[in-house]
Structure formats: C-alpha cells, structure tokens
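Counting begins at 1 with the first residue of the sequence.
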Amino acid sequence: MKLFASDFDGTFYFNGKKQEVYLKNISSVKEFQKNHKFAIVTGRDANSIVNHLSQHNLKLDYIACFNGGLIYDGDMNVLHSNRLKIDFEKLMELLDEQNAQMVSMCSKGRGFFRQFKENPENAKFTLGLYKEMNVLPVSHFEELDKENIYMASVVCDDETHAKEVCRQINELGFECSAYVNRRYIDVVGKDASKRKAVEMIASHASIHDIYTIGDSFNDISMIESFYGFAVEDANDEVKKVAKQVVLSVNDAISLLNQHE
C-alpha cells in the first residue's frame, strides 16, 4: 500500500482555466484510493478542503491543515494538534514595520484580519475564504480565542518581500515556525511542518511507501524527505529538491501506477 500526500492550492486544486486539471486529479485520486491512501497536506483549514471536495464526492483518507498544525483522519477525528502560542501583538507590530499587506487568523468559528495596506482584493479574498470555512468575521482581535489559533496567514507584496519578512519573524524568538508560500507567510506552531504531518499520517496508517507533491516553499520539507514530485508551475527551489517534475497530481499517480 502507498501513501500519496499532496499540497492543495496550486498543486491539486485549480479553478478558471485549470479547472479541467483539478477534475482529472479528483478522478485519479478516487481510483488510487481503491488500493492506497491519499492525503491533502495544506496551509488551509480543513473545512474549506472538505467543502470543495465534497462537491465531487471525494472523501480523503487524511487531511493535515495549517501546515501540519492540525491533522485529521478521514472521519474528521483529530490525530494531532499543535496550536500557535506567540505574542500576537508583537507579531503585528513587526508586520506593520515591515510593510506587510495583511495578516489573518481564526479560532473557534471566528476570523480576524488586519490590513496594514488597504487592499480591497485582499479583504474580498479573505472574506470569501472565511465563508468557505464557516467562519464569522470579527472586528477586534480580542474577540478570538487566542488559545485555539493554529495559524497566522501573512500577505506580502511578492515572494521576495515574503522571504525577508519570514526571516524576521523567525528571528523574533517565538516558539513557532514560519514558512513562505509564494507571497504569503504561514506562521504555525513550533515544529509544525508538512514533513512531520506526513510522517504522522504514515505512522497512523502503517505505510512505509510514501510519495508527496507540491509547488511552493512550505512543501519542500515533505518533498525532499520522501519520494517527492513537483508540479510544472512550482518554484525553481522546489523543483531542485523533487525527484521528478510532472504536469499534475493525475500524471504523478499515472507514473506510480505504471510501477506497480
């Protein structure tokens, strides 16, 4: 039995012009699951993943969200939890000083975001994501349950800006991990990573034949630690650590099936 763990946005899920790729990925995974296990490992929350995939009658075997901060089995039982416990106000001060565009975070059905640079598109996207997550937007950070926040998502101007801001976040000395995901930064609990999430899933499923696929910097740990694929649109740094570059999840699964 194999375990195949995939990033979601930009790797498995597409809309618009790449909707056809997304639908082929779904079809391939359904066939793959007849004999193997498939997991989504993402910076997103679980609800938005389930909402998307349930529309196509795809039930995952595992979901690791918030870059491994929270891991579920296929029946949505929690297998692992790693909350984000940092000085949130100090983080916001740094983001303001470094000209980040926005930060957002959620806990217990409520979401908060602060814009350091007014950008209606960022706010529109975030509110749309909150809707997918069944999260109520609140106006004040104090309305969140700070003990149950799993990730702070930071929006920067571009990937170069994100790398610099991420470096400074990691130098604050918080007990957290920060990962660049194109122009975004995912700030998660200490030692949370996609690699560790895949390791925990593989241990729970008692599987040693492990494959992964992704497109951005927060995927590198799981791509280089197992037999990792990168999609064609991935960052160059991701492609360098991948064993193979493929067009899609569908193509990667086809290659695995050829070697059975």
### Task
Could you check Asn134 against Asn47 for side-chain hydrogen bond (donor to acceptor under 3.5 Å, both in side chains), going step by step and ending with a plain yes or no?
CA-CA 8 Å; Asn134 299 317; Asn47 283 339; 5.4 Å; no

Count the heavy atoms of every other residue, nucleotide or ligand shown that sit under 6.0 Å from [atom1] of [X], and state whether that count exceeds 12.
X: Lys30; atom1: NZ; answer: yes
X: Lys85; atom1: NZ; answer: no
X: Lys108; atom1: NZ; answer: no
X: Lys24; atom1: NZ; answer: no

### Message
salt bridge (charged side-chain N to carboxylate O under 4.0 Å, His left out), that's the test. Do Arg183 and Asp157 meet it? Break it down for me.
### Response
CA-CA 6 Å; Arg183 72 181 184 110; Asp157 294 337; over 6 Å; no

### Message
Run the ring-ring contact (aromatic ring centres under 6.0 Å, His included) test on Phe217 and Tyr179 for me, step by step, so that the C-alpha distance in whole Å, both residues' side-chain angles and the decisive distance to 0.1 Å come before the verdict.
### Response
CA-CA 7 Å; Phe217 297 102; Tyr179 302 99; over 10 Å; no

### Query
Can you find a pair of side-chain heavy atoms, one from Met105 and one from Tyr150, that are under 4.5 Å apart?
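Counting from C-beta outward, Met105 and Tyr150 never come under 4.5 Å.
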
#### Entry: Contact check, side chains of Cys106 and Tyr130, non-hydrogen atoms, under 4.5 Å
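In contact.
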
### Task
Measure from the ring center of His204 to the ring center of Tyr62 and say whether it is less than 6.0 Å.
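Close enough - the centres of the two rings lie under 6.0 Å apart.
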
### Query
How about Phe12 and Phe14: are their ring centroids closer than 6.0 Å?
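Ring-ring flag for Phe12/Phe14: false, centres at least 6.0 Å apart.
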
### Query
What orientation do Tyr211 and Phe4 show, parallel under 30°, tilted 30 to 60°, or perpendicular over 60°?
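Rings of Tyr211 and Phe4: perpendicular, as their planes differ by over 60°.
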
### Task
Rounded to the nearest 0.5 Å, what's the gap from CD1 on Ile71 to OG on Ser81? Could you check?
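The OG atom of Ser81 is 9.5 Å from CD1 of Ile71, to the nearest 0.5 Å.
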
### Distance-only side-chain donor-acceptor flag, His52 / Glu132, under 3.5 Å
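The answer is yes; a qualifying pair exists.
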
### Query
Is it the case that Arg83 places NZ or CZ above or below the six-membered ring of Phe66, under 6.0 angstrom from the centre and within 45 degrees of the axis?
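Because its charged atom misses either the 6.0 Å distance or the 45° angle limit, Arg83 does not stack over Phe66.
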
